[in-house]
Structure formats: C-alpha cells, structure tokens
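Heavy atoms only: backbone and side chains are in, while hydrogens, waters and symmetry mates are out. In this chain, residues are counted from 1 in sequence order.
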Amino acid sequence: QLQLVESGGGLVQPGGSLRLSCAASGFTLGSYAIGWFRQAPGKEREGISCIGSSGGTTNYADSVKGRFTISRDNAKNTVYLQMDMLKPEDTAVYYCAAAGSYYDCLYYGMDYWGKGTLATVSS
C-alpha cells in the first residue's frame, strides 16, 4: 500500500519549465525525507535533489543547482520539483523516492520508489 506516484512530466522546449509532483499514499509523507532522481538514456541514475521531512533542509546536484527547486506540502502528502531553464540534457525519467533519514537520500539509498515520469526537453 506504500506508493509514490510521480506526475507532471511531458514535452517542453529548451528554456521552458515543468513542475513535477510526487504524491504519497499509504503512509505519511511528512515522516520521510524525499529525493528526486533521474535517469537519462544510456546514463546512470543521478540523484538530483533531497529534502528533509520538514522541508528545512535541501540539497541539489551541481547539474541542476540554480534551476530546480524542491519543495513539499506535507498537508497534501506531496513533494514537488520545479524545473526551470530546462536543457536538452535534462531529458530523463524522473523518480521520487522516500527514506526515513535525510542522510539516506544524500548517501545511503532510498526505501520506496515511484515508477517515474518522463520529461523530454527538445526543440
């Protein structure tokens, strides 16, 4: 019953924006740190952002820093990834995942994963 469902992917032109959502069901999202990850064709999965359970701590991969913003609304059991100034190299399947510790997101690995949503950046 523990589920994470990503949404908001699609096709966007370079320089455009997408807002991804990660909705949790079957558990209280506010008890978990959440990470966003992505996997581009032919590349390893990349951790791009983490947010602590209260939203007070965040981090970003260098590849997205200054362009992406992670946030959460625990009352809605949802985490967001606002993606601005998108580049073709941002094209990937984006996954959200949950873990009990912020440090799991940073270093150790996540416990629950969504199925992903595809974001394609192309002119």
Side-chain angles (χ1 to χ4, degrees):
Q1 289 189 324
L2 295 174
Q3 290 188 334
L4 293 167
V5 179
E6 303 94 337
S7 62
L11 176 64
V12 65
Q13 293 185 339
S17 297
L18 288 171
R19 191 191 194 201
L20 306 184
S21 297
C22 173
S25 63
F27 65 101
T28 301
L29 195 66
S31 298
Y32 293 84
I34 301 295
W36 283 98
F37 303 79
R38 68 185 183 185
Q39 188 161 24
K43 296 184 178 180
E44 294 182 339
R45 187 177 64 199
E46 176 189 17
I48 57 174
S49 187
C50 301
I51 188 166
S53 60
S54 68
T57 52
T58 60
N59 80 309
Y60 301 91
D62 288 342
S63 58
V64 306
K65 195 173 298 181
R67 300 187 298 119
F68 291 11
T69 304
I70 191 170
S71 63
R72 65 192 302 158
D73 186 341
N74 287 340
K76 295 182 178 179
N77 233 25
T78 302
V79 171
Y80 305 97
L81 185 68
Q82 178 68 42
M83 306 192 297
D84 297 319
M85 297 178 286
L86 285 162
K87 305 174 181 179
E89 52 263 45
D90 294 319
T91 296
V93 177
Y94 285 76
Y95 302 90
C96 68
S101 169
Y102 184 71
Y103 298 99
D104 291 334
C105 188
L106 295 178
Y107 305 117
Y108 303 119
M110 310 299 282
D111 298 315
Y112 307 105
W113 291 81
K115 290 181 169 59
T117 185
L118 175 64
T120 302
V121 184
S122 176
S123 60

Report summary line: Residues pairing under disulfide bond (SG atoms under 2.5 Å apart) where one sits in residues 15-44, two or more places apart or in two chains, turn out to be C22-C96
Got a list of side-chain donor-acceptor pairs under 3.5 Å for residues 97-106, not counting sequence neighbours?
from, atom 1, to, atom 2, distance (Å)
S101, OG, Y103, N, 3.0
Y102, OH, T58, O, 3.2
Y102, OH, N59, N, 3.3
D104, OD2, S101, N, 3.4

Report task. Under the ring pair (Phe, Tyr, Trp, His ring centres under 6.0 Å) rule, collect the residues that match up with Y32, sequence neighbours excluded. Result -> F27
Query raised in the report: If you measure from OH on Y94 to CD on E46, what distance do you get to the nearest 0.5 Å?
Result: 8.0 Å
**Report entry** Nearest heavy-atom neighbours spanning S53 and S31
**Finding:** CB-C, 4.2 Å
**Report entry** By salt bridge (charged side-chain N to carboxylate O under 4.0 Å, His left out) - contacts of K65 (at least two apart)
**Finding:** D62
Query raised in the report: How long is the gap from SG on C50 to CH2 on W36, to the nearest 0.5 Å?
Result: 12.5 Å
Query raised in the report: Looking at residues at least two apart in the chain, or sitting in another chain, which of them share a salt bridge (charged side-chain N to carboxylate O under 4.0 Å, His left out) with D90?
Result: R38, R67
Report summary line: Cluster membership besides L11, Ile/Leu/Val/Met/Phe/Trp/Tyr side chains within less than 4.5 angstrom, sorted by chain and number, is none
Please output the side-chain donor-acceptor pairs of residues 112-123 that fall under 3.5 Å, not counting sequence neighbours, one pair per line with the distance.
from, atom 1, to, atom 2, distance (Å)
T117, OG1, G9, N, 3.2

Query raised in the report: side chain to side chain contact (heavy atoms under 4.5 Å, CB included) with S25: which residues, sequence neighbours excluded?
Result: Q3
Query - Any side-chain heavy-atom pair of L81 and I48 under 4.5 Å - result: yes
Query - Co-membership, hydrophobic cluster, residues I51 and L18, 4.5 Å side-chain - result: yes
Query raised in the report: How would you list all residue pairs meeting salt bridge (Lys or Arg N to Asp or Glu O under 4.0 Å) that involve residues 69-88, not counting sequence neighbours?
Result: none
Query - Single hit among L29, L4, L20 for side-chain contact (heavy atoms from CB on, under 4.5 Å) with V79 - result: L29
Query raised in the report: Do you know the tightest heavy-atom contact between N74 and S54?
Result: ND2-CA, 4.5 Å
Query raised in the report: Other than Y80, which residues form its hydrophobic cluster under the rule that side-chain heavy atoms must be closer than 4.5 Å?
Result: none
**Report entry** Y95 (side chain) donor-acceptor with E6 (main chain) under 3.5 angstrom
**Finding:** no
